[in-house]
Peer 1: 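Dropping the structure in here first, questions after.
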Amino acid sequence: MAIAMAVVSFPSLLNKTTLSSSLFTPTFLPAKSSSLLIKSSPKTRFVVSSSMEAGIGVMGSKLGMMSFFEEDGTVVPVTVVGFREGNIVTQIKTLATDGYDAVQIGYRRVRDKKLTKPETGHLQKAGTIPMRHLQEFRLTNIEGFEPNQKLVFDEIFKEGDLVDVAGTTIGKGFQGGIKRHHFKRGQMTHGSKSHRALGSIGAGTTPGRVYKGKKMPGRMGGTRTKIRKLKIVKVDKELNVVMIKGALPGKPGNLLRITPAKIVGVNIPKN
């Protein structure tokens with residue numbers, strides 16, 4: 001009876017569900033960026049997938065913002081990104097060994113005692129220095145990469161290229177609807193008792209609840225975000241910095257992930 005009720009309640013799940021007399025094993029649909037696929041087999045197998053990058057990227061540290069003057073006198077607001085010691089290949093993952101092709105990169109050198117023994121052993125296996133951050137770049141082709149290979153920004157990107165920059169935004173704590181969602185406030189005079197309050201959040205009897213996704217007060221910032229198609233304005237080899245047009249996530253010192261911008265039909269297939 002329970003199985004019959006599940007069939008009636010979830011018709012869209014029938015095509016992705018395997019029913020048997022002794023086992024009810026659901027298969028979850030893949031998400032946009034990552035997914036977990038469970039297949040019915042003698043041994044449960046987990047297949048983890050993530051979004052494909054348009055090319056290898058690097059990690060950097062946000063230094064701050066400034067104004068950049070182009071040759072024609074145009075003022076461009078840019079964010080300066082610096083690079084600490086790192087951006088070294090620590091592992092090559094292949095379809096045969098890991099189920100997908102990816103290149104793992106390490107960034108920002110630290111002392112040995114700052115890492116755990118498993119982390120230290122993983123880096124020693126690749127013959128690299130101790131590094132704080134490890135990130136993977138899933139690629140369609142991993143040829144030409146090898147462990148302990150150092151990636152240089154000006155060899156991968158050049159001025160005028162478009163990049164996607166991901167990072168953690170500045171956490172602002174618990175905020176109200178006005179600051180978090182740009183709501184308008186009520187009157188401050190004439191007997192009004194609704195100043196900065198949220199107001200009505202839905203009907204009473206029907207539906208008798210608050211819809212999911214309703215814009216309400218809550219935690220603001222401190223989330224992972226990506227800003228797409230930003231232009232590289234200047235690459236300074238002497239100072240080992242790069243200037244990217246626009247604002248980037250986080251405050252000075254924040255870790256940033258810089259990858260080639262995904263452009264459909266250019267470096268990303270249309271299908």
Side-chain angles (χ1 to χ4, degrees), residues 30-38 43-63 81-157 163-171 219 221-227 240-242 248-260:
K32 293 183 179 179
S33 59
S34 62
S35 63
L36 180 63
L37 182 61
I38 304 177
K43 293 183 179 179
T44 304
R45 183 171 64 91
F46 296 92
V47 180
V48 180
S49 63
S50 59
S51 60
M52 194 77 64
E53 299 290 354
I56 192 65
V58 296
M59 287 178 281
S61 301
K62 180 177 178 179
L63 300 181
V81 180
F83 301 95
R84 299 192 180 187
E85 191 173 1
N87 281 320
I88 301 175
V89 178
T90 57
Q91 186 181 5
I92 305 295
K93 295 192 174 184
T94 62
L95 184 63
T97 58
D98 301 276
Y100 61 98
D101 296 330
V103 177
Q104 187 185 84
I105 306 297
Y107 177 72
R108 188 179 175 183
R109 182 169 186 169
V110 293
R111 291 179 290 178
D112 297 344
K113 67 177 184 179
K114 294 292 185 179
L115 302 177
T116 62
K117 289 186 178 180
E119 293 172 341
T120 303
H122 173 71
L123 296 175
Q124 288 179 351
K125 183 179 180 180
T128 62
I129 59 177
M131 288 175 288
R132 168 67 67 187
H133 306 286
L134 296 177
Q135 290 192 11
E136 288 185 2
F137 295 86
R138 190 175 180 186
L139 308 173
T140 56
N141 186 10
I142 59 175
E143 295 181 0
F145 296 99
E146 57 184 11
N148 206 16
Q149 175 185 353
K150 186 173 182 180
L151 303 179
V152 182
F153 185 88
D154 54 7
E155 295 179 357
I156 303 174
F157 303 96
V163 293
D164 294 342
V165 183
T168 303
T169 58
I170 299 176
R219 289 283 298 274
T223 57
R224 187 77 173 174
T225 185
K226 177 186 288 186
I227 303 179
N240 195 25
V241 298
V242 60
L248 302 183
K251 54 187 177 181
N254 188 38
L255 177 69
L256 298 176
R257 174 189 173 104
I258 306 174
T259 56

Peer 1: Answer yes or no: is there a donor N or O on one side and an acceptor on the other, between the side chain of T169 and the main chain of G221, under 3.5 Å?
Peer 2: no
Peer 1: If you measure from NE2 on H133 to CE on M59, what distance do you get to the nearest 0.5 Å?
Peer 2: 7.5 Å
Peer 1: Between E136 and A102, which heavy-atom pair has the shortest distance, and what is it?
Peer 2: OE1-CB, 4.2 Å
Peer 1: What closest approach, in Å, do A54 and P260 show between heavy atoms, and which atom pair accounts for it?
Peer 2: CB-O, 3.8 Å
Peer 1: With side-chain contact (heavy atoms from CB on, under 4.5 Å) as the test, would you mind laying out the steps for L115 and L123 before giving the verdict?
Peer 2: CA-CA 10 Å; L115 302 177; L123 296 175; 3.8 Å; yes
Peer 1: Would you say D154 and V152 make side-chain contact, with heavy atoms under 4.5 Å?
Peer 2: yes
Peer 1: To the nearest 0.5 angstrom, please state how far the OG1 atom of T94 sits from the CD1 atom of I92.
Peer 2: 9.5 Å
Peer 1: Under a 3.5 Å distance rule, please check whether D164 uses its side chain to pair with a backbone N or O of T259 as donor and acceptor.
Peer 2: no
Peer 1: Atom CD1 in I258, atom CZ in F153: separation rounded to 0.5 Å?
Peer 2: 5.0 Å
Peer 1: Do the numbers put R257 on top of the ring of F137, so that NZ or CZ is under 6.0 Å from the six-membered ring centre and no more than 45° off the axis?
Peer 2: yes
Peer 1: Got a second to check how far M131's CE is from T90's OG1, nearest 0.5 Å?
Peer 2: 6.0 Å
Peer 1: Please test E53 against L139 for side-chain contact (heavy atoms from CB on, under 4.5 Å), starting from the C-alpha separation and ending with a verdict.
Peer 2: CA-CA 6 Å; E53 299 290 354; L139 308 173; 4.2 Å; yes
Peer 1: Roughly how far, to the nearest 0.5 Å, is the CD atom of Q91 from the CD1 atom of I105?
Peer 2: 11.0 Å
Peer 1: How long is the gap from CG on L256 to CD1 on I227, to the nearest 0.5 Å?
Peer 2: 9.0 Å
Peer 1: Is there a donor-acceptor pair under 3.5 Å between the side chain of T168 and the backbone N or O of T223?
Peer 2: no
Peer 1: Is there a side-chain contact (heavy atoms from CB on, under 4.5 Å) between F157 and V242 once you walk through the steps?
Peer 2: CA-CA 10 Å; F157 303 96; V242 60; over 6 Å; no
Peer 1: Can you tell me which residue pairs pass the salt bridge (charged side-chain N to carboxylate O under 4.0 Å, His left out) test with a partner in residues 98-119, sequence neighbours excluded?
Peer 2: E85-R109
Peer 1: Taking only residues two or more places apart in sequence, or in another chain, which ones meet I156 in a side chain to side chain contact (heavy atoms under 4.5 Å, CB included)?
Peer 2: I56, V58, L151
Peer 1: Where do P147 and A126 come nearest, in terms of heavy atoms and distance?
Peer 2: CB-O, 4.1 Å
Peer 1: Please name the residue in the list Q135, H122, K93 that meets the side-chain hydrogen bond (donor to acceptor under 3.5 Å, both in side chains) test with Q104.
Peer 2: H122
Peer 1: Within a strict 4.5 Å, meaning less than it, do heavy atoms of the L248 and N254 side chains meet?
Peer 2: no
